Number of protein chains: 2
Amino acid sequence: MSRQPPTLEDVARAAGVSRATVSRVVNGVRNVDPALQEIVFRAIELTGYAPNRAARSLVIRRAETVALVVSGVGGAADDEAREVFATRVFTDPFFGRVVGGVMSFLRPRSMHPVLMLAESDADRQEVVSFLRQGRADGALVVSTHPDDPLPALLAGAKLPAVLFARPSRAVPLTYVDLDHRAGGALAARHLLARGCRRPATVSGPLDVRASRERLAGFREALADGGVTDVPLAEGGFTLASGIEGMADLLARHPDVDGVFAANDLMAQGACRLLRQRGRRVPDDVAVVGFDDSGVAVTCEPPLTSVRQPVERMAEEMARLLDSQVRGESQAPTGVVFDPELVVRASA
Amino acid sequence: MSRQPPTLEDVARAAGVSRATVSRVVNGVRNVDPALQEIVFRAIELTGYAPNRAARSLVIRRAETVALVVSGVGGAADDEAREVFATRVFTDPFFGRVVGGVMSFLRPRSMHPVLMLAESDADRQEVVSFLRQGRADGALVVSTHPDDPLPALLAGAKLPAVLFARPSRAVPLTYVDLDHRAGGALAARHLLARGCRRPATVSGPLDVRASRERLAGFREALADGGVTDVPLAEGGFTLASGIEGMADLLARHPDVDGVFAANDLMAQGACRLLRQRGRRVPDDVAVVGFDDSGVAVTCEPPLTSVRQPVERMAEEMARLLDSQVRGESQAPTGVVFDPELVVRASA
DNA sequence: ATGAAAGCGCTAACAG
DNA sequence: CTGTTAGCGCTTTCAT
């Protein structure tokens with residue numbers, strides 16, 4: 001039969017020392033005689049000892065684990081809807097970049113993220129329970145929707161958490177975010193630099209702060225370049241709204257020669273409509289997107305796009321959560337990152 | 001100051017019963033007076049009790065958690081190489097589909113996977129430690145390379161594990177896999193059905209079992225349709241080898257009118273070369289790929305491809321691991337899934 | 001059906 | 001610098 005796995009006690013006995021000493025050696029606490037240390041190491045080797053984490057967690061009152069939760073807004077999603085949401089979300093390269101960034105902080109610390117999906121109210125409760133049970137010390141949350149109720153829930157329960165993107169309602173939680181204004185400015189200056197004289201924009205929904213900031217940044221940089229009248233069509237971040245917005249813009253201002261779409265999907269829609277109307281991209285009209293998502297690459301032509309440094313942002317989230325969990329940081333803060341422009345064929 | 005979180009003891013006191021009773025109620029054990037049960041529930045509510053998992057795990061000797069590990073073969077990857085590997089892997093839709101499938105089994109059980117990446121020897125040791133420390137009860141492993149040493153390590157340590165794809169060397173571990181033979185047959189029958197009279201194939205490396213099986217299935221089904229002489233070019237699963245293989249095929253058999261490439265990347269290469277040589281796809285030469293990966297959609301034209309039911313396979317992995325952890329299953333087994341053909345423009 | 005009590009394996013005072 | 005000891009919060013016989 002398979003014996004019980006060896007415990008500290010077993011190692012202590014094998015080494016002829018006390019449990020405390022073995023514990024000290026295992027946890028690299030100094031104040032241990034090098035000679036004894038050596039003996040203990042050998043005993044560990046000999047017994048094939050592996051510390052029991054549950055026991056350690058019980059006493060240090062920490063799991064040394066964090067949850068990575070992707071959160072939607074579904075009210076009461078059924079299994080079917082959740083399944084669809086899950087594959088869509090996990091299949092999105094954005095998620096992959098977040099995971100990569102988070103892990104690059106966690107790995108050197110021998111920590112590994114627990115993946116959670118919160119698409120229904122029950123799911124959100126599950127996340128809260130998970131943390132309250134001490135299965136993870138805190139949460140890194142990536143919301144797919146600005147009205148996600150999870151952040152407020154977490155803050156209310158005083159659970160350590162860090163958000164990707166500043167929450168719409170004021171929630172006292174630490175977050176990382178992009179300087180959307182700077183992103184808009186990047187697009188504006190690029191268009192200006194390639195000689196556009198009549199730039200326009202298909203913005204995101206104006207009730208979303210990020211949309212407003214991208215727009216403001218775009219306008220400001222254009223004004224700096226002497227362009228003050230900027231045709232605007234409000235979109236909804238969908239392909240259809242990109243097509244529609246572009247059509248609208250073209251109808252009102254046939255002389256448009258540059259467009260900044262607030263995300264890649266709308267930029268793709270704009271490209272499609274432009275070509276359909278016989279305008280060449282970028283020769284007649286240059287198009288700049290936002291996000292540098294997968295469609296930026298597959299779009300015809302490939303999109304010049306404003307990119308978020310997602311990996312670095314995610315890494316910072318993990319760092320912020322870590323210091324929060326160790327009680328090193330107190331008040332919630334926000335860390336803002338600069339976007340970069342990825343130049344491809346569309347502008 | 002923030003009080004300690006309530007314990008079973010606190011609830012017991014509030015309800016006027018013993019800890020044992022509260023424990024029974026919490027864990028839904030029968031043999032509890034409905035009246036008392038009600039009282040206990042109220043006390044739980046009142047105190048805001050949440051069970052401490054570390055304590056529970058310590059006593060039941062189980063974490064009720066599984067690790068999902070993506071494993072490569074790097075010898076001693078540095079941080080840089082690992083970073084690249086991480087984003088490439090996590091950004092691949094295949095990984096997203098695996099995560100989705102795994103979670104659909106885990107969620108109803110309030111379990112959540114811990115994500116691990118094993119790209120170096122140290123990483124693999126880390127995975128073994130993680131399990132030995134009882135931080136997870138078993139591992140679901142997805143290898144990116146057939147020579148991955150992790151499965152053997154796990155088997156050697158007698159740790160519960162289930163693999164995606166049968167390991168190349170015989171390792172006594174449970175796995176799920178695709179019926180590659182049936183996949184090849186699917187491609188063959190599709191080509192035959194659309195009227196191809198001179199089908200050929202760009203296979204994968206013939207020292208990889210999956211490659212050999214896809215090829216065998218392709219040939220068998222072709223033979224059943226009366227085609228016995230099948231031009232073959234051995235590729236290496238890369239875009240370049242797809243181009244090369246197709247060029248080779250064309251040189252030797254200018255009358256080829258259908259091609260089965262053993263993965264989408266090579267199929268894309270084949271398409272590219274075909275068009276370059278003035279052949280229309282699919283009119284002159286029909287092309288079928290394998291994997292139904294992202295390139296299948298972005299390829300010009302979009303690829304008809306053989307698809308693995310990845311989500312269902314991943315779900316089954318979780319199920320198999322679960323029964324293994326609960327000691328319900330004994331000897332390693334293999335569960336094989338049927339592929340499906342996704343028809344797009346290329347064939 | 002309920003309670004009393006013995007640990008699960010580890011850490012952290014506190015002595016020495 | 002090392003050992004002794006008292007729990008961490010929960011599950012689980014074993015009595016009752």
Side-chain angles (χ1 to χ4, degrees), chain A residues 2-41 43-44 47-65 129-135 137 326, chain B residues 2-41 43-44 47-65 129-135 137 326:
Chain A
S2 63
R3 287 194 324 283
Q4 299 290 341
T7 70
L8 260 196
E9 181 74 53
D10 298 320
V11 179
R13 200 173 321 139
V17 299
S18 73
R19 280 193 335 241
T21 301
V22 179
S23 175
R24 288 179 187 116
V25 172
V26 169
N27 295 301
V29 181
R30 45 183 191 296
N31 293 347
V32 270
D33 184 315
L36 267 192
Q37 185 157 302
E38 190 47 42
I39 295 181
V40 172
F41 275 135
I44 289 176
T47 54
Y49 172 73
N52 179 316
R53 297 299 295 210
R56 174 176 164 89
S57 283
L58 178 57
V59 88
I60 69 174
R61 298 161 167 288
R62 224 185 289 139
E64 298 184 290
T65 290
S129 289
F130 196 85
L131 295 172
R132 298 220 321 138
Q133 292 180 163
R135 300 179 68 166
D137 303 318
R326 322 181 94 90
Chain B
S2 64
R3 286 194 325 285
Q4 300 289 342
T7 70
L8 260 195
E9 181 74 54
D10 298 320
V11 178
R13 199 173 319 136
V17 297
S18 72
R19 284 194 331 241
T21 301
V22 178
S23 174
R24 288 179 185 116
V25 172
V26 169
N27 294 301
V29 181
R30 45 184 188 295
N31 293 349
V32 268
D33 185 313
L36 267 192
Q37 184 156 300
E38 190 49 41
I39 295 180
V40 172
F41 276 134
I44 289 177
T47 54
Y49 171 73
N52 178 315
R53 297 299 295 210
R56 174 176 164 86
S57 283
L58 179 57
V59 111
I60 68 174
R61 298 162 165 289
R62 224 185 288 140
E64 298 184 292
T65 291
S129 288
F130 196 85
L131 295 172
R132 297 219 323 139
Q133 292 180 164
R135 299 179 70 167
D137 303 319
R326 320 183 97 91

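Computed from a predicted structure; not experimentally measured. In what follows, every chain begins at residue 1, and chains take the letters A, B, ... in the order their sequences are listed.
Comparing B:Ala55 and B:Leu36 against DNA chain C, the residue whose closest nucleotide sits nearer the 5' end is B:Leu36.
Here B:Arg56 reaches the OP1 or OP2 of D:dT11: one of its side-chain N or O atoms lies under 4.0 Å away. Residue B:Ser18 has no polar side-chain atom (N or O) positioned under 4.0 Å from OP1 or OP2 of C:dT2. Contact between the side-chain N/O atoms of B:Asn31 and the OP1/OP2 oxygens of C:dA1 is found at a separation under 4.0 Å. Listed pair B:Ser23 / D:dC10 fails the phosphate criterion, with no side-chain N or O lying under 4.0 Å from OP1 or OP2. Checking the phosphate oxygens (OP1, OP2) of C:dT11, a side-chain nitrogen or oxygen of A:Asn27 falls inside 4.0 Å.
One can place CG of A:Leu8 at 12 Å from P of C:dA12, the figure rounded to the nearest angstrom. Atom CD in B:Glu9 sits roughly 13 Å away from atom P in D:dG7 (whole-Å rounding). In this structure, B:Leu58 places its CG atom 12 Å from C1' of D:dG7, rounding to the nearest Å. Atom P of nucleotide C:dG9 and atom CZ of A:Arg13 are separated by 12 Å, given to the nearest angstrom. One can place CG of B:Asn52 at 16 Å from P of C:dC10, the figure rounded to the nearest angstrom. Regarding B:Arg24, its CZ atom lies at a distance of 8 Å from the P atom of C:dT2, rounded to whole Å. Put simply, CZ on B:Arg62 is 15 Å from C1' on D:dC10, counting in whole angstrom units. When the P atom of C:dG7 is taken as reference, atom CD of A:Gln4 falls 14 Å away, rounded to whole Å.
For a distance-only test at 3.5 Å, the side chain of A:Arg61 fails to qualify as a donor-acceptor partner of the base of D:dG9. The base of C:dG9 has none of its N or O atoms less than 3.5 Å from a complementary donor or acceptor on the side chain of A:Arg53. Side-chain to base pairing of A:Arg19 with C:dT11: one donor and one acceptor N or O lie within less than 3.5 Å of each other.
Between atom OG of residue B:Ser18 and atom CD of residue B:Glu9 there is a gap of 9.5 Å, rounded to the nearest 0.5 Å. Separation of atoms CG (B:Asn52) and OG1 (B:Thr7) is listed at 9.5 Å; rounding is to 0.5 Å. Between the CG atom of A:Leu8 and the OG1 atom of A:Thr21 there is a distance of 10.5 Å, given to the nearest 0.5 Å.
Considering only heavy atoms from C-beta on, A:Ile39 stays 4.5 Å or farther from A:Val17 through its side chain. Between A:Arg56 and B:Gln133, the closest side-chain pair of non-hydrogen atoms is not below 4.5 Å.
B:Val17 comes within contact range of the sugar-phosphate backbone alone, with a heavy-atom separation under 4.0 Å but no base atom that close.
Across D:dT2, C:dT2, D:dG7, the shortest atom-to-atom separation from the side chain of A:Val59 is found for D:dG7.
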